Each structure stands twice: as structure tokens, then as C-alpha cells.
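Below is one structure; the comments refer to it alone.
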Amino acid sequence: MNEAVTEAVLETSGLTKRFSGFTAVDNVSLSVKAGSIHALIGPNGAGKTTCFNLLTKFLQPSAGKITYRGDDITHLKPADVARRGMVRSFQISAVFGHMTALENVRIALQRERGASFDFWRSDRRLQRFNDRARALLEDVGLGPFADTMAAELSYGRKRALEIATTLALDPPLLLLDEPTAGMTEQDVARIVDLIKRLRQGRTILMVEHNLSVVAGLSDRITVLTRGRVLAEGNYETVSRDPAVITAYLGSDHA
Amino acid sequence: MFGFSRAQLISLVILIAVVIAAPFFVYPIVAMQVMCYALFALGTNLLMGSVGLLSLGQAAYFGLGGYTAGYLVQSLGLTPEIGIVAGGLAGGLLGAVFGWLAIRRQDIYFAMITLALAQIVYFGAVQLTGFTGGENGIQGIPRSALFGLFPLANDHAIYALVAVVFLIGVVFVHRVIHSPFGQVVRAVRDNEPRMVSLGYRPASYKRIMFILAAVLAGIAGGLKAMVMGIQTLSDVGIATSGLVVLMVLLGGIGTIFGPIVGALIVIAMQYYLAPFGAWVIVIQGGIFVICVLVFRRGIVGELAYRLKSPL
């Protein structure tokens, strides 16, 4: 591996979050390498999503430091983190239900291109983003659904739409919160394919429950239990770790 | 046309026809009062319908607009259009300050803060007698000539002015909702955390909407002061704040034409039920209860739902 690949994009040291007496994330130090797919796994209640919310600033850490591309982002606002190119998805599909799929993607294109504050202009002005938005929808297999209301899309398609919206920002660092949660087998396969294509030129940090997804995709896996890092390494190392097997993988891997 | 849907375009044509015909059938002062309150309600609906924020203090901007216009025209002898524009600016400035304070909170807390801030303005209006006339209000505001050229003393002349400002207000509100900005506000209402994750700062958009609502309230207040020739404490009081919310809910929250219909019904009731004295408020309350029970979407909202087309 060359230098550029091993450089850390996102790092945390001693990241801790306490909720009145309960420590959800306990002294977690992560290092996400540029260009890699890094997975955060662990049993329910391990603190994966809390960790995710801390990284994207939706929660303020009780202690610890987060650096993104060498800058301390510990005290930034969530919108500012997004503007720096670190964009997250949500565990519960986050689409704008009362808008069409095309409008969903367009909303992400609008801000950067300076078409979000003009209240005196017609919204026909937004049509110039249509080609780009359609291309993004096409990319995730939603081409025929451009004019469908997002609320009417199936669950798997909503997730795909959410990813298309996220990709509209072309983020160098993508954070996916359980991208395949609650999906059918076919949808999972489609999302896995999509993630494989997405990795070109970007770094991905994902929280995932589905081990087969993680096995096929991740360069590096961090296992969390009870808010602490239990093990870290590639799939082979982690899946053979006895502590991980007892804590997470359970009897079928024993 | 202009981004209006077919049903909206038909409604707009009907509205224009009604506005033109009204002074030949009803007392022009009542029709003008309806248009002033309708403009006020249109602004309030930007906040209630588009952003989803209930303000219980919109009278502060409406009243300030009226006082500003009244003071400039009566005491300084300026022309009406300056008074009305200044009323809008004063409303907008106050809205910028109060919006900055109130937007930090959500739901009921937002409503309570707007109410508290409006009460401060009310007591300010009682005390600052040099500007507001205190308990007496500003009496006998002259209907001087528009731009110093067109006399407004005749009811039909000032009616034309009110009608033009009102109709521009309707088109403006429609434009705001159907603008790139309006699209962002709709998305924030749909899913705020998601907008944050896309790098948006929702508070900025809410503040702009708050200011726009305050500007419309200020213009409406200024216009009303010109029409009535009088500006009183009741225009800045809590009852007026409640009245405009009632208009929006009755007509149909989140619709373009709902607040107009709401203003028409509420003002018509006040006027035609005046012989019943204090019972007007009881009747108003009764109608409001029925409205909430039977058609929650409001009159125009219910119609739009039946027609499956935004109105």
C-alpha cells in the first residue's frame, strides 16, 4: 500500500459519551484510512449508532477528540461537518416523503450551487439540476421512479434514494448507518454492489449488522461492545478473535 | 402560468373578479378591512403552514406597521406609500430581532416566546404615548395623496390601492412557497435532521420566513391604518394575534387561498354580527369549535383535498 492510502481521514481519541450515569461510548479510538471501507460492528446496544452520532456531531461527546483530515472537528455543528465533506445516512430511511424522488436528490444539489435562499425566484430555476439528479437516480436504479413521491417508494428503494441524495454532495467521506437494515436479500445485494462502486475515490465508514455484508466489503472492521473497542482488524482476524466470538458472533461461529 | 396550478389559476381569477366587484355590493371599508387582514393572514400562514411554527404574537408586527405608518403620515406629513413601506420595514426589523430569539425554540416553547415578546410590544405601545398615542391611539390619520399625486380621500380610490397591494401579496406568497427557498423549507419541515446532514442550517431558513411573515404583517397593518384613519392598541394586542391564527385555521392552513377565505369569514362575522354585541366572540368560538371538529383542514383545505389539487 502506498502512502496516500494509509493516511487517516477520520480519527478519534478517547471518544466518550455518557448519558446521566450510563456510558454509551467509552474511550473509543478509531482511525479510518483514506480510501478504505471501514465497518463498525457490534451487538445491539454496543454504542455503534451513538458513536456515529458523535462523529457527525449530532451528539456532543463528553470527552475525547475527533479529527477530520487533520482538523479538530470536536466542536463543530453537524451542518458544518457535512459541508466539509463528511456526509451521513440514517438508520431509519431519511427521505423527504412529500417530495418526488427527483426533488429529493435536487435538494442536495441546491445548497452548494447557491439556489436555496432565493425566495423571489420561481422554482423552475431548479430544473437546471434535473439532468444531474436524474443521472444520480439512474445510478442507484431509480431512473423510472424520478417522479414518484418518496413516501410511496418501497423500503429498499427509499434506502437507495437516500444514498443517491447523499451522493449528490459527492462526499469524500461517506458514513452509512446500517445501509442494509430491514432489507430483502435482493435489495441487500443491490446495495452491496452500489457500495462497491461508490468506493472509487472516497472513504466509507459504515455501521452494519449484517455480517455477510461486512465480510465482502470491509477492509477493516472495528468491533464494539458496551461502548468499548473489543477488537480491530480485517474480517479474518476479527472473526477468529475468541473475545469477538463470545461477545458477538455467537454459537454459529463457535 | 407563473407556476400556478389550474385550480389555483381559476381561484385567482375568481378572487380578482370578487375584488373588483366587491365595492359595488358591500361597504368598501369592510372589503378593505378583509383584504388587510387577509394579507396579514397570508404572512402568518407562511409561518404556520410552510414552516409549521405557531406564532401567538403576530399582532406585534401588524400593530407596529400600523403605528409606524400612522405616525409618519399624521405627525410627519409623509405620503401614504412611504407610511405603508415603512410599516413593512418596521415589522420586518422587529421580526428579524424577535425571530432570531424565538427560532431557537420549537413547538409550544416557540409559541410562548412569540407571545411573551408580543406582550412586551403591547406594553411598549401603552407607554410610548409620543409615538402611539397610548390609550387613545393615533386618531384622524389623513388620507393624503398617494405619491403626493393621487388623492385617496374617496373610498374607491383607496380601495384600488388596497386591492393592488393585496393581490401583489397573494402572488408574492405563492412565489415564496414555489421558490427554491420554499422547496428547502418544505424539505426542512419533512425531515429536519436529514437536511442538517446535507449541510443545511435550518434556522437560517426559518428566520427568513419569520421575517417575511413580519414584513407582510407590517404592510397589512400600515395599509389598515391608512384605510381606517385610526390606529389603536387593539391592533397590537393578543386578541388580534389570536384572530389571525383563527383566520388561517378556519380557511385552511398551508393553502394559498385559505387565509383569504378565513379573513373574509372572520371580518364578515364581526361586522354583520355586531348587533349581537359581546356574543360575537361566543359565536366565533362556536364556529371555530365546529371547524376543528368537522373539517380540520379548514374550508379551502377541505376543498383542495376533495379536488385533489393544491389551492
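What you see below is based on every heavy atom in this structure, not just the backbone, and it leaves out hydrogens, waters and symmetry mates. Owing to the predicted nature of the structure, the values given are computational and were not obtained by experimental measurement. First the proteins, then the strands, lettered A, B, ... as listed; each starts at 1.
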| query | Of all the residues in residues 54-64 of chain A, which have a heavy atom that comes within less than 4.5 Å of a heavy atom in chain B? | reply |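 Contacts with chain B: A/Phe58.
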Kindly check if the number of other-residue, nucleotide or ligand heavy atoms within 6.0 Å of [atom1] ([X]) is above 12?
X: B/Tyr109; atom1: OH; result: no
X: B/Leu307; atom1: CG; result: yes
X: A/Arg128; atom1: CZ; result: yes
X: A/Arg197; atom1: CZ; result: yes
X: B/Arg296; atom1: CZ; result: no
X: A/Trp120; atom1: CH2; result: yes

Any chance you could measure [X], atom [atom1], to [Y], atom [atom2], to the nearest 0.5 Å?
X: A/Ile107; Y: B/Leu198; atom1: CD1; atom2: CG; answer: 8.5 Å
X: B/Met195; Y: A/Ser116; atom1: CE; atom2: OG; answer: 8.0 Å
X: A/Ser122; Y: B/His178; atom1: OG; atom2: NE2; answer: 9.5 Å
X: B/Arg189; Y: A/Phe96; atom1: CZ; atom2: CZ; answer: 14.5 Å
X: B/Gln183; Y: A/Arg106; atom1: CD; atom2: CZ; answer: 5.5 Å
X: B/Ile208; Y: A/Asp118; atom1: CD1; atom2: CG; answer: 9.5 Å

| message | With side chain to side chain donor-acceptor pair (under 3.5 Å) as the criterion, how do B/Arg194 and A/Thr166 come out once you've worked through the C-alpha distance, each side chain's angles and the decisive distance to 0.1 Å? | response | CA-CA 10 Å; B/Arg194 178 56 174 160; A/Thr166 306; 2.8 Å; yes
| Where on B/Pro202 is there a heavy atom nearer than 4.5 Å to chain A: the side chain, the backbone, both, or neither? |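 Contact with chain A: none, neither part.
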Which atoms of [X] are under 4.5 Å from chain B, going by heavy atoms: the side chain, the backbone, both sets, or neither?
X: A/Val81; value: neither
X: A/Arg84; value: neither
X: A/Leu126; value: side chain
X: A/Glu112; value: neither

| said: B/Tyr200: which residues meet the ring-ring contact (aromatic ring centres under 6.0 Å, His included) condition with it, sequence neighbours left out? | reply: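 With sequence neighbours excluded, B/Tyr200 shows a ring-ring contact (aromatic ring centres under 6.0 Å, His included) to B/Tyr205, given in chain and number order.
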| Which residue out of A/Glu162, A/Arg83, A/Met99, A/Lys77 racks up the most heavy-atom pairs below 4.5 Å with chain B? |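 Maximum pair count with chain B is reached by A/Arg83.
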| Quick one: which of B/Pro180, B/Ser179, B/Ser204 gives a side-chain contact (heavy atoms from CB on, under 4.5 Å) with A/Phe117? |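 Per the side-chain contact (heavy atoms from CB on, under 4.5 Å) rule, the option paired with A/Phe117 is B/Ser204, out of B/Pro180, B/Ser179, B/Ser204.
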| field | Minimal non-hydrogen separation, A/Ala82 against B/Ser197, with atom names | value |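 Looking at all heavy atoms of both residues, the shortest contact is CB-O, 3.3 Å.
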| field | For A/Ala79 against B/Arg201, the heavy-atom pair lying closest together | value |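 The pair with the smallest heavy-atom distance is CB-CG, 3.9 Å.
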| field | Pick from B/Ile177, B/Val184, B/Val176, B/Val196 with the largest number of heavy-atom pairs that fall under 4.5 Å of chain A | value |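 The residue among B/Ile177, B/Val184, B/Val176, B/Val196 with the greatest pair count is B/Val196.
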